> 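Got a structure for you, written out below as structure tokens; questions coming shortly.
Note that the structure is predicted; figures quoted are calculated from it, not measured. In what follows, chains are A, B, ... by sequence order, proteins preceding strands, each numbered from 1. Side-chain atoms are counted along with the backbone in the values below, which use heavy atoms only and exclude waters and symmetry mates.
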Amino acid sequence: MIARSQNLVVRPMKPTRPTVFMRVLWPWQLLRFVAINLRMTAMILKSHHTRLPRA
Amino acid sequence: MRVVILGAGVSGHTAALLLRRKLPASHEVVVVSPNRLWNWIPSNIWVGVGAMRPEQVTFELKPVYDRMRIRFLQAKGTEIHPEGDAESGPFVLVESTAEGNAGQTERLTYDYLINATGPRLDFGATPGLGPENNSLSVCSYQHAAATSRQLDAAIERLKRGERQTLLVGMGHGTCTCQGAAFEYLFNLDFALRRQGVRHLARLVFLTNEAGLGDFGVGGMFLKAGGYVIPSQTFAESLFEERGIEWITGAHVHRVDPGRVEYETLDGNRDELAFDFAMLLPPFKGVLLKAFSHDGSDLTGELFAPSGFMKVDADYTAKNFDEWEASDWPETYQTRYPNIFAIGIAFAPPHAISRPRKTPNGTPVAPAPPRTGMPSAIMGRTVAQSIADMILRGAERPTHGASMAKLGAACVASTGMSPINGTAASLTMFPIVPDHRTYPETGRSLIYTTGELGLAGHWIKHLLHVAFLYKAKALPFWWMIPE
């Protein structure tokens, strides 16, 4: 997975070990669960106002 | 009055349940679907890796509709007569697919018609593509179950020490639903790791996206670590982390047993040998014809050449850079005020991801996705408009849900386990980039977000349970948002 561009060897970025660890760390993920749900709720509320203005 | 809904997928089923809830019993709601079972399609990827059984993603439609006082016909629509004929007003011709009376036709008159027929899986677009031929699919629960069996066989070979190449991706240059292939790929990677055979497997993703993370919506930009970063960076990072190879900007020319032949955007033609290939097909509209009062063919006026139904969008041919967010439909009403088309059944006015061609002229143009949350919101929107037209005499649709004004929340599974599984939780607003409102990136950087983690898997599983509960119309189903 090494891409060569203009004689430079470019690799995609990779997560660090702590990042990978935090992705499955239960206490942190419980907090993220709440945060993501809030974010998605905001998105749902934003997308459910579908009444059109009267012509 | 009678409302007929063709199709009982996410959008059609949502519209049917909401209409039944809003309309008094004196009005009739009729659903016509060729399938006996309802399928929560987003979870088919888990069936495809053997993590779920087909019974966990399906249920019988008739008992639900009987309880809800909705008439259910297991049939497929074949003809629409929006002007009626000498015998009756507007009607659709439906052909039974039920066991025992398959092929019998019925004339079904309507006051309002919702076309929510979903896609026709066009495996024929690429020679050799599809479960009948040389590749697998997860588009239906039957396909996913068959794919799971093939995967079991591949895992057995890996366990015997045989190296295997597993190919996942898009079977044509104009495919959509790259997100489903992405999810299947990473669930496959996760399943192989669980079985302890990942080191023997070569995983390759073959896609028509010009870059990873495009997902048919032109990619997106996210704020992270003080930077605005394209989704391609995150997607490539995940592929790199999991050791998965990728081929982008590809159109598949043919699939032979154990070998795929493709062309990439730089014009190169190449081939790849595989032991297992799950390649999604392009979508077309279902085969519906339309006829006027005098019997002349209206199909070309009501439907785009792709077979999807034309609605209140601006279909004027323009260059990609001239397209506007306002071209996208809002009410999903067709030229006939009592006919609507929602979900995959409506014809999008243009691609969201930039369409490209190879130097040989082969189109590599991801089609716009319109599944999941937007599909369900379209179902709700049209149900509300029709209810207002019937009950309050509204002359035009009272609700709108343009994909250029709607956001979407999407959870893409990258490994199914409540302990160490992960999923990418994405939100984007709006779905169709609006470069007038958001000149830099086309979308709000506040509402366009993404992160990977176990929490995403929990949410994905919660959505699976919640949406099946809602689709079964169990107590207080209507409190669960789309």
> May I ask you to decide if Ile36(A)'s main-chain N or O and Ser425(B)'s side chain share a donor-acceptor pair within less than 3.5 Å?
no
> Roughly how far, to the nearest 0.5 Å, is OH of Tyr447(B) from NZ of Lys46(A)?
4.5 Å
> Please flag which part of Trp26(A) lies under 4.5 Å from any non-hydrogen atom of chain B: side chain, backbone, both or neither.
both
> Does Tyr469(B) have more than 12 heavy atoms from other residues, nucleotides or ligands lying within 6.0 Å of its OH?
yes
> Going by distance alone, is a donor N or O of one side chain under 3.5 Å from an acceptor N or O of the other, for Thr449(B) and Arg39(A)?
yes
> With a 4.5 angstrom heavy-atom cut-off, could you sort out which part of Ala394(B) is near chain A: side chain, backbone, both or neither?
neither
> Sort out for me which of Glu451(B), Met373(B), His457(B), Glu330(B) touches chain A most, counting heavy-atom pairs under 4.5 Å.
Glu451(B)
> Using 4.0 Å as the upper bound for N to carboxylate O, is an ion pair formed by Glu241(B) and Arg23(A)?
yes
> More than 12 heavy atoms of other residues, nucleotides or ligands under 6.0 Å from CD1 of Ile480(B): is that the case?
yes
> About how many Å separate CE of Met43(A) and OG of Ser444(B), when rounded to the nearest 0.5 Å?
7.5 Å
> Sort Val20(A) into side chain, backbone, both or neither according to what part of it lies under 4.5 angstrom from a heavy atom of chain B.
side chain
> Can you tell which of Thr381(B), Ile419(B), Thr422(B) has the highest number of heavy-atom pairs within less than 4.5 Å of chain A?
Ile419(B)
> Would you say Trp28(A) has more than 12 foreign heavy atoms packed within less than 6.0 Å of its CH2?
no
> Please round to the nearest 0.5 Å and tell me the distance separating atom CD of Glu240(B) and atom NZ of Lys14(A).
5.0 Å
> Counting heavy-atom pairs closer than 4.5 Å to chain A, which one of Thr233(B), Leu452(B), Val411(B), Asn420(B) comes out on top?
Leu452(B)
> Are Leu462(B) and Phe33(A) side-chain neighbours, meaning at least one heavy-atom pair lies under 4.5 Å?
yes
> I'd like to check Trp458(B) versus Leu30(A) (side-chain heavy atoms, cut-off strictly below 4.5 Å). Are they in contact?
yes
> Nearest 0.5 Å, what's the CG-CE distance between Leu454(B) and Met22(A)?
12.5 Å
> Is there a side-chain contact between Ile44(A) and Glu482(B) in this structure, where contact means two heavy atoms from C-beta onward sitting under 4.5 Å apart?
no
> Quick one: of Leu31(A), Val34(A), Val24(A), who has the most non-hydrogen atom pairs under 4.5 Å with chain B?
Val24(A)
> Are Leu52(A) and Thr398(B) side-chain neighbours, meaning at least one heavy-atom pair lies under 4.5 Å?
no
> Does any backbone or side-chain atom of Thr331(B) lie under 4.5 Å from a heavy atom of chain A? Answer side chain, backbone, both or neither.
side chain
> Return the option, out of Glu236(B), Lys405(B), Gln384(B), Glu395(B), with the maximum number of heavy-atom pairs under 4.5 Å with chain A.
Glu236(B)
> Hey, is the main chain of Pro12(A) close enough, under 3.5 Å, to the side chain of Ser237(B) for a donor-acceptor pair?
no
